[in-house]
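Here is the naming used below: chain letters follow the sequence lines, and residue numbers restart at 1 for every chain.
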Amino acid sequence: MKKITIVMLAVAMFLSIFAIGAQARTVSGSITINGSSALLPLMLQAKKEFTARNPRVKMAVSGTSSISGPQSVRRGVAQIGTCDWDASTNVPGFKKFDGLVANKVAAIPFATIVNSANPVNNLTQQQLIDIYTGKITNWSQVGGNDAPIVVVNRAFGSGTRVNYTAKALNGATIIRSGANYKEASSSGVMATTVRTTPNAIGYIDLVYVTSGMKALSFNGVAPTVANVINKSYPIWGYGYMMTKGQPTGATKAFIDFVQGKTFQNGAVKKMKFIPIGAIK
Amino acid sequence: MNDYINLHDVNLFYGTNQALKDVKLQAAKHEITAFIGPSGCGKSTLLRCLNRMNDLIPNVKITGEISVAGESLYGANTDVESLRKNIGMVFQAPNPFMMSIYDNIAFGPRRFGVKSKAILDEIVEKSLRAAVLWDEVKDQLKKSGLSLSGGQQQRLCIARALSVEPDVLLMDEATASLDPISTMKIEELVQQLKKDYTIVMVTHNMQQAARVSDKTCFFLNGEVIESAPTKTLFNNPEDKRTEDYITGRFG
Amino acid sequence: MQQTNSTASKMSGRHWRLMFSDQVFKWFCLFSAIVLCVVLFSIVFFMGKTGVLTFEFVKVTEYFFSLNWNPGFDETATYGAGIFFIGTILLTLLTLIISVPISVGIAVFLAEIAPTRLKETVRPILDLLVGIPSVIYGFLGLTILVPFVAKVFGTQLGDGLLAAALVLSLMVLPTIGRISDDSIEAVPQKYREAAYAMGCTKLQTIFFVVLPAARRGIVSAIILGMTRALGETMAVVMVIGNVPQLAESLVQPTSVLTSNIVMQIMAVPFESTWNYALFFMGFSLLVVALLLIVFVRIINNRSEVQ
Amino acid sequence: MQNLKDFKASKLAKIFNQFFMVSMWVLGIITVFFVLLLLFLILKDGLPYVTWDFVIGLPSEIDAGGGIGPMLLNSFYVTILSLLVSIPISLGAGIYLAEYAPDNKLTSTIRVCVEGLSSVPSIVFGLIGIALFVEYFQIGLTIIGASLSLAMLNLPLLTRVSEESIRAVPHSYREGSYALGATKLQTIFKVVIPVAMRGLITGLSLVAGRAFGESAVIILAGGVNASAEMWDFSLFSPGGTLAVHLWYVQSEAIVPDAKEIAHKSAAVLLFVVLAINLLFRIPLWWMERKMK
C-alpha cells in the first residue's frame, strides 16, 4: 500500500512537473511590440505583468507613432503593432492595412483643453468645428473674452488627431496656416503650449489633463470616464493591437492577458484608460 | 646726450621672483648699445622694459626709473601706445604678419591714421629701402610676407619697425635664428641705421657685440656687472666675471 | 662568431617584426580613414536613392519652387517643399546673425582678455553645454522662451523663427565659441608682440592681427556651428510651431526641413511619395552641408595659395 | 610727406579700445551668468530631490516613485559601447591623417569625408540606424543598434580631435625618437600619443558627453524604453537611454509624477555630463603632476 502510494505520488509529481513544463512551453517565444506612443505606457505595464507570469517570453516594446504599428506588423518586424485607430479599416488620411486583425486594448477618452484662465467651459460640436476650420477666430464669438483663438493641432499621423478629428470635428478639414495656428509634436508639447498660451485651444488624452489647463465640456457633457461609459460623451476611441492574421502562440497569450479581467480591471483602470468591457 | 636712455635702480619681479636687480644704465643717442650675458641673465627682460612689453605679462612688478630723452616711461600718464611707436622692436624670430609685404609695412602707419595711398606707398618704399630689402621685393609687394626667406623676413620686420619712424630701435637677438650670410647683412644694416636711430640690441653672440656695438653691457643673474665702451669691455674688462665670460670660461 | 651571428639574426628577426607591425598599423590607419568615407558615402547613397524616388511622382520644379505642401495619399496631394527650404535658410541665417558675434566675442574674451582663472572655469562650462541634450534646450525654449517672446512681441504665440534661432544660437554658442577660442589661442604670441611693439592698442591688435590670423579656424568654427544649426531637430521642432507656411514675421509659426521631417517621418508608410519627399529633404540637408564643407575647403586652399 | 615721428596714438583709438574692453567684459560676464542660470534652471527643480532609489530604481508606468535605473545604465552602456567602436577607427583615421597621409587626392577626399560626416544631421544617423538594424538585420530596437548608430555619429568629431592633437605634437619629439632608432609605430605609441594625450582626453570627454546626451539617434535606433530589470547587459535589450527617457516622460508618460521625473532626469543627465568632463580630467591632472 505504502509502496503504491509512494509510486502514485511520484507519478503524480512527475506528471505535474511535466504539465507545468508543458504549459510553460506553450507560452514561450518572443514578442516585439511597436507603434503608438500613447499606448506605450500601457504596453510597458502589460509587458511587466505578463513577463512576470511567463518568464520564458522575451518581449521588446517600443513606441514611435500609431502608423508605425501596423506598418511594422505588415513588414514582419513586430508581432503586435499598437495603433490608436482600427488600422484594418480606412480612416481619413490613412488607407486600411489588408490582412491585419485589430484587437482592442482599451478605450481612450480625449478632451478639448484650454488654458485654465479661460472663462469658457463648454463648446458645442459646431463651435469646435468652426474654430478648427477657421470660421470662428475670437473667443468672444463663443462667449469668452475678446481675444483671438490660438488653434493648437497635433501633427499629421498622431492617433489623437485622427480620433479627435473623427469624433469631435466630424471629419472636418482643419485649417493649415495662420499666425495663430501651430502644430505640437507630442502630447507633452501640446500640454505645455496650452498651459503657457492664454488663448490656446487644443486637445489631448484625458489622462494628460493636469494643472494649468482645463478640459471643456462637449455639447454640455463633461469629459469624464463615467460619461464615456454611459455614452453621453462621444470623443473617445479604442486603442488597438494589430496582428498579422489571427494571433497565435505567445502573441495570443499576451493579447488574451491584456484583454483579460486582471489587466483590464487593474492596470487599465489605474492608468485611467477605460476597460473594453465597460462600454456596451 | 650720453644719457639719452637712462635707467636708474630698476628692479623687476615676476611674482616673487626677482629678475632684475638695481639696474643702472645709460645709452647714448645714435649709438648701438649691446646687452650680453648668459641666457636667463635678464638682458631680454630689461630690453622689454624699454618699450613696456613686460606690461603684457601678468604679475610683473617694476620699480625704479627709466627714461628716454628725458621722459619717464613709467609715468602716471604715459601714453603706452605712442611710446611703443617711438621705441620700435625687432624680435628674436622673424614675425611678419600673415599678410602681403606691402600690408606688413603699411600696418603701423595705417593704425596711426595714414590713409592716403600715395603716402603709404612712399612710406613702404622708404622703409624697405632703409632695411635694404627694396631691391629684392619691389616687384612682389603683394606677395605674403611669409613667402620670404628667414633673413628677408627679419629685414621686413625691421622695415616694419621703421615704418612708424621710431627714435629708438630695440633688437632682441634679432639674428639668432638666421644663417651667417643673413646675419652679416643685418649687422651691416644695423651699422647704417645708427645714423638715424638709437639702437639697443640683445645678443647671444659676443663677436657680434664686439663687431657692431659702441657700448656693451654685461649682465649676470639680473645685475649689470659691467658697462663700458665695447673696445674697453672686451680688451680690458674690469670685473673678473666679465673676463671669464668673454674669454669663454662659462656661458 | 656564433654569438654575433645569432644576435644578427635575432636583430633581423626583430627588424622584420617591427617592419611588419609598422606596415600593418599603417594599413589599419588607412583602413580606418576609409571606413569613415564608406560610412559617409553609404549614408549619402541611401538617402539619395530613397529621396530621388520622389521625382517619379513629383515635378522637380514643383518640389523646389512650389510653396504648397499638402501631401497625402490621394490625387490632390501636392509636394511643394519650397517653404521648408526657405525656412531652413532663414533660420540658419538668423541663427548665425545672432550667434556669430556673441560666440566670437566670447572666444576673444576667453583667449585674449579673461584672466587665467576665469578662463579655466568658463571653458569647461562651455564644453558642458555641448553635452546638454537638445530635448532639454527644446523644453526650456518651449516653457520659458516661447511665452517670453509672445509677451515681448504682443503676439498670441511665440513660436517661430526667432524663438528657434535663439535656442539654436545658445546651442551653437559652445561649438563656435570654443573652436574659435582654440584657434585664437593658437595664434603665435609673436604676432601679438609685433603689433603691440608697433604701438597698437589691444583692440587694434585683436582686430587687425589676431582675428585675421585665426580666420580659418573661426570660419570653420562658424561652418561647424552652421551645420549643427542646419541639422538640429529635437529642439527646433518644439519651438518653431510646425506650420507649413511662409513666415511673414519672425514670430509666426513656420516649418523648416528638419522639423518637418521629424514631425511626419514616423507617420507615413515607407513606400510612399510622401516618405520619399521627406527623405529627399534629409538628402538636401546633407548635400547642402557637404557643399558648405567643400566651399570652406576651397576658401581655405585659396588663402593658403595666396 | 607727413612726419610720422610726431604722430601720437589717436585718442579715438584709445577710447575705442576702452569701450571694447568694457563691452567684452560685459559680454563675458553676461554669457557666463546666462550659462550658469541655464544650468541652475535645469538643476534646481531636480537635483535636490534625486535619491539613490531614483537613480537605480526601476521605472514605473502607473504609480509615482519610479526610477531611472535601467535608462541610466543604458546611457553608460550605449555611450561606452559606441566609444569602444569609434575610438579605434577614429584614432586610426586621425593618426593616418596626421602622420601618414600624403598630400594627394585620396587624402583630401578623406578630409572632405570627415568634415562632411560631421555635418550629417543626427536624425539621419537615426534613419540609417532604423534602415540597417531594424529593417535589414531585423534585430529590432536594441542596445547594439543604438550603440553602432551612435558610433557613426562619434566618428567625425573624434577623428578631428585625434588628428588635431596628434598634429599639435612638435616635430622635434618625433625626431628625437627616430634618432634613437625607433620605428614609426613605436614613435607614435611611445612618444606622440602620450604627448597628445591631453588633447585626446579633452576631445574624448567632449564626445562622450555629447553621446551621453544624444536623443534623436537613440529614439530611432534604440527605442524609447530600457530593459525591465536592472543590470541587464544583453546587447539585444531595448536601447532607450536617459536622454530618450527624458523625452518620453515629457511627451507621453502617464505617471502622476512625470514632471518631477523629467526634472530629476534632466538634473541627473546634466550631472553625469559634468562628471564625465571632470572624471576625464582627473587622470590629466594626475599625469601633469607626475611630470612636474
Side-chain angles (χ1 to χ4, degrees), chain A residues 34-37 63-72 74-75 77 87 90 92-95 97 115 137-139 147-159 161-162 173 175-186 188-193 195-201 212, chain C residues 67-74 77 83 135 138-151 153 155-160 163 233-249 251-255 259-260 262-272 274-275:
Chain A
N34 188 19
S36 159
S37 52
T64 40
S65 71
S66 273
I67 190 69
S68 69
Q71 271 178 31
S72 6
R74 189 172 60 184
R75 261 188 317 218
V77 182
N90 282 321
F94 294 100
K95 289 207 184 86
F97 287 79
N115 189 281
T137 54
N138 195 299
W139 281 109
I149 299 177
V150 177
V151 177
V152 190
N153 195 3
R154 286 289 304 277
F156 171 85
S158 145
R161 172 166 164 170
V162 169
T173 310
I175 47 165
R176 304 175 35 81
S177 60
N180 292 328
Y181 170 73
K182 79 170 252 187
E183 291 186 11
S185 52
S186 69
V189 173
M190 170 65 87
T192 311
T193 303
R195 208 179 288 132
T196 55
T197 313
N199 299 314
I201 184 168
Chain C
L67 301 184
N68 194 3
W69 177 256
N70 189 11
F73 302 108
D74 47 32
I83 292 164
V135 183
F139 262 87
L140 287 176
L142 180 66
T143 51
I144 298 170
L145 183 66
V146 167
F148 179 73
V149 169
K151 203 176 241 174
F153 282 82
T155 49
Q156 294 297 318
L157 283 166
D159 303 63
T233 35
M234 301 304 277
V236 172
V237 76
M238 291 191 191
V239 295
I240 192 100
N242 306 309
V243 181
Q245 64 186 355
L246 215 52
E248 281 156 19
S249 77
V251 287
Q252 185 179 6
T254 179
S255 264
S259 71
N260 192 63
V262 82
M263 284 286 281
Q264 302 186 333
I265 194 86
M266 290 301 192
V268 298
F270 196 83
E271 292 86 10
S272 66
W274 191 339
N275 184 63

If I compare all heavy atoms of [X] with all of [Y], which pair ends up nearest, and what's the gap?
| X | Y | result |
| --- | --- | --- |
| C/Val243 | A/Ser177 | CG1-CA, 3.7 Å |
| A/Ala184 | C/Met263 | O-CE, 3.8 Å |
| A/Pro148 | C/Gln156 | CG-NE2, 3.3 Å |

Inset, instruction - Tell me, for A/Val189 versus chain C, whether the close heavy atoms (under 4.5 Å) come from the side chain, the backbone, both or neither. - result: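 Both parts, heavy atoms under 4.5 Å.
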Please report the interatomic distance [atom1]([X]) to [atom2]([Y]), rounded to the nearest 0.5 Å.
| X | Y | atom1 | atom2 | result |
| --- | --- | --- | --- | --- |
| C/Asp159 | A/Asn180 | CG | CG | 11.0 Å |
| C/Leu157 | A/Lys182 | CG | NZ | 6.5 Å |
| A/Lys95 | C/Ser272 | NZ | OG | 9.0 Å |
| C/Leu142 | A/Thr193 | CG | OG1 | 5.0 Å |

Inset, instruction - Measure from the side-chain N and O atoms of C/Gln245 to the backbone N and O of A/Gly178, and report whether any donor-acceptor pair falls under 3.5 Å. - result: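 Between the backbone of A/Gly178 and the side chain of C/Gln245 there is a qualifying donor-acceptor contact (under 3.5 Å).
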Inset, instruction - Mark yes or no for whether A/Arg195, through its side chain, and C/Thr143, through its backbone, hold a donor-acceptor pair below 3.5 Å. - result: no
Legend entry - Greatest number of heavy atom pairs closer than 4.5 Å to chain C - which of A/Gly157, A/Ser185, A/Ala200, A/Pro198: A/Ser185
